[in-house]
Amino acid sequence: MGSLSSISRRGLLMVFLVVLMVMNWEIIVRKVDAVTAAECKEERRLLVNACKDVVGGNPASAYCCQRIRVTHIIECVCPVITPKLAALIDVNRAVRIIQGCGRQVPRHFKCGSITTP
C-alpha cells in the first residue's frame, strides 16, 4: 500500500503542476492579448460605425460581422453597458445578430448590465 500511496501522491502532484502551468499560460496569453483603454475606445468606435445600420433594423453587413468577430467584447464592450444603455437593447435580437456573424454567446452570460437568455 505504501507504493500505491506514493503513486497517488505523484499523480496528484503531476495534476497540480499541470494546472499551475495552464493557469500561468492563460495569464501570459491574457497579458499578450491585453487591450489598452485607447484600443478599446477605437474598437467600440469601429464597431458602432460598422453596425449602425443594424440599429435601424437592417441585417448585419459583412463588415459589421467582421467587426463583431474581432472586437474584444468582454474587455471593451461589456464594461460600458450601463443599466440605461441596457434598457435600449433588445438582448434576443443582439444575440441573434452576434450568433449570425459566427460568434458564440453563452447562455446566462453577464455583459455589463445585460444577462443573455
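Since the structure is predicted, the reported quantities are computational estimates derived from the model, not experimental observations.
- For the pair T116 (side chain) and P106 (backbone), a donor-acceptor distance under 3.5 Å is present.
- Contact record, A86 with I81: CB-CG2, 4.1 Å, taken as the closest heavy-atom pair.
- Residues A60 and C101 share a closest heavy-atom pair of CB-SG, 3.9 Å.
- Both L85 and I114 are members of a single hydrophobic cluster when ILVMFWY side chains are connected at heavy-atom separations under 4.5 Å.
- Taking OG of S61 as the start and CG of D53 as the end, the distance is 7.0 Å to the nearest 0.5 Å.
- A search for side chain to side chain contact (heavy atoms under 4.5 Å, CB included) contacts involving N49 returns R45, K52, not counting sequence neighbours.
- Of all heavy-atom pairs between R44 and C76, the closest is NH1-O, 2.9 Å.
- In terms of heavy-atom proximity, R93 sits nearest to N58 at NH2-O, 3.6 Å.
- Considering only residues two or more places apart in sequence or on other chains, C51 meets the side chain to side chain contact (heavy atoms under 4.5 Å, CB included) condition with L47, V54, C64, I68.
- The minimum heavy-atom distance between E43 and V35, with the atom names listed, is OE2-CG1, 4.4 Å.
- In this structure a side-chain-to-backbone donor-acceptor pair under 3.5 Å is missing from Q99 to R96.
- Between the OG1 atom in T115 and the NE2 atom in H108 there is a gap of 9.5 Å [rounded to 0.5 Å].
- Using a 4.5 Å cut-off between side-chain heavy atoms of Ile, Leu, Val, Met, Phe, Trp and Tyr, with links allowed through other members, I97 and V105 fall into the same hydrophobic cluster.
- Counting only heavy atoms from C-beta outward, the side chains of C78 and F109 approach each other to under 4.5 Å.
- Expressed to the nearest 0.5 Å, how far SG of C65 lies from CZ of R103 amounts to 11.5 Å.
- Taking the side chain as every heavy atom from C-beta outward, P117 and V91 approach each other to under 4.5 Å.
- L46 meets the side chain to side chain contact (heavy atoms under 4.5 Å, CB included) test with E42, Y63, R67; sequence neighbours excluded.
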